[in-house]
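Reckoned from all heavy atoms, side chains included, excluding hydrogens, waters and symmetry mates. What you are looking at is a predicted structure, and each value in this text was computed from that prediction instead of being measured. Naming convention: chains lettered A, B, ... in sequence-line order (proteins, then strands); numbering from 1 in each chain.
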Amino acid sequence: MNYWLMKSEPDTFGINDLCNRPNQTEHWDGVRNYQARNMMRDDMKLGDQVFFYHSNCEEPGIVGIMEIAKEGYPDFSAFFPTDTHFDPKSDPEHPRWIMVDVKYVRTLSREIPLKELKGYEQLAELPLVRRGNRLSIMPVSKEQWDFILSLEAQRPD
DNA sequence: GCCAACGTTGGC
DNA sequence: GCCAACGTTGGC
């Protein structure tokens, strides 16, 4: 089993939006970055666990857990000119972009803010806390995953 | 294949 | 809203 972290802007699609979807499942469309696409296409497997991260908001941080409910398939939002994620270089015959489906697992008992995550030596290698990182999807090691979850029950300093 | 210009991400 | 960091584009 692999572990991941995926970013979304809560104003656009937050963890409560996922929780309220039918079957608490939604397709993760709109990723337009090759590195992130390749991970969804090649490495994400059914049942993999994923941290839901709120980005570009008042308090960026990890807010919950979801799991991969469907492995990579063409991101159809690229096909429609009226869609904000439209890409004329992608079509159903030759899809350029890939998405997965995610299913809500649970909301953390407290949000773990980015500024707290940055303070732990155990997470120094996590791309999220590294300077200038812009990846919206990244792998999380088992060690990092367990460590972050152990923070949930703790009060921050 | 280089690299300047440009657009986007995302923390602050 | 600002802007640093980064990815992509396209002229040469």
(message) Return whichever of A/Asn56 or A/Arg96 has its heavy-atom-nearest nucleotide of DNA chain C closer to the 5' end.
(response)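 Comparing both residues, the 5'-ward one is A/Asn56.
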(message) Pick the closest DNA chain C nucleotide for A/Asn133 and for A/Lys89 by heavy atoms, then say which residue is nearer the 5' end.
(response)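 The residue whose closest nucleotide sits nearer the 5' end is A/Asn133.
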Give the rounded distance in Å between these two atoms: [atom1] of [X] and [atom2] of [N].
X	N	atom1	atom2	result
A/Leu117	B/dG11	CG	P	11 Å
A/Leu114	B/dG10	CG	C1'	10 Å
A/Glu58	C/dG1	CD	P	16 Å
A/Met138	B/dT9	CE	P	14 Å

(request) Determine the minimum heavy-atom distance between A/Met99 and A/Pro74, stating which atoms define it. (result)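 Nearest pair, atom of A/Met99 first, then A/Pro74: CE-O, 3.6 Å.
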(message) Looking at A/Tyr53, I'd like to know whether one of its side-chain N or O atoms comes within less than 4.0 Å of OP1 or OP2 on B/dG11.
(response)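 Yes, A/Tyr53 has a side-chain N/O under 4.0 Å of OP1/OP2 on B/dG11.
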(request) Indicate yes or no: at least one non-hydrogen side-chain atom of A/Val50 is less than 4.5 angstrom from one of A/Leu5. (result)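 No, too far: nothing below the 4.5 Å cut-off.
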(message) I'd like to check A/Met138 versus A/Leu128 (side-chain heavy atoms, cut-off strictly below 4.5 Å). Are they in contact?
(response)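 The answer is yes, as the side chains (C-beta and beyond) meet within the 4.5 Å cut-off.
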(message) Just by distance, no angles: are the side chains of A/Trp97 and A/Asp87 close enough, under 3.5 Å, to form a donor-acceptor pair?
(response)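 Yes, a side-chain donor-acceptor pair sits under 3.5 Å.
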(request) Would you mind checking if A/Glu152 and A/Arg106 are paired as a salt bridge, meaning a charged N to carboxylate O distance below 4.0 Å? (result)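 A salt bridge links A/Arg106 with A/Glu152.
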(request) Inspect the contact between A/Lys103 and A/Glu67 and indicate whether a charged nitrogen and a carboxylate oxygen are less than 4.0 angstrom apart. (result)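 Salt bridge flag = no for A/Lys103 with A/Glu67.
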(request) Using a heavy-atom cut-off of under 4.0 Å over every strand shown, decide if A/Lys7 touches base, sugar-phosphate, or nothing. (result)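 The residue A/Lys7 makes sugar-phosphate contact but no base contact.
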(message) For a quick check, with a 4.0 angstrom heavy-atom cut-off, what is the B/S/- contact string for nucleotides 3-8 of chain B, read 5' to 3'?
(response) ----BB
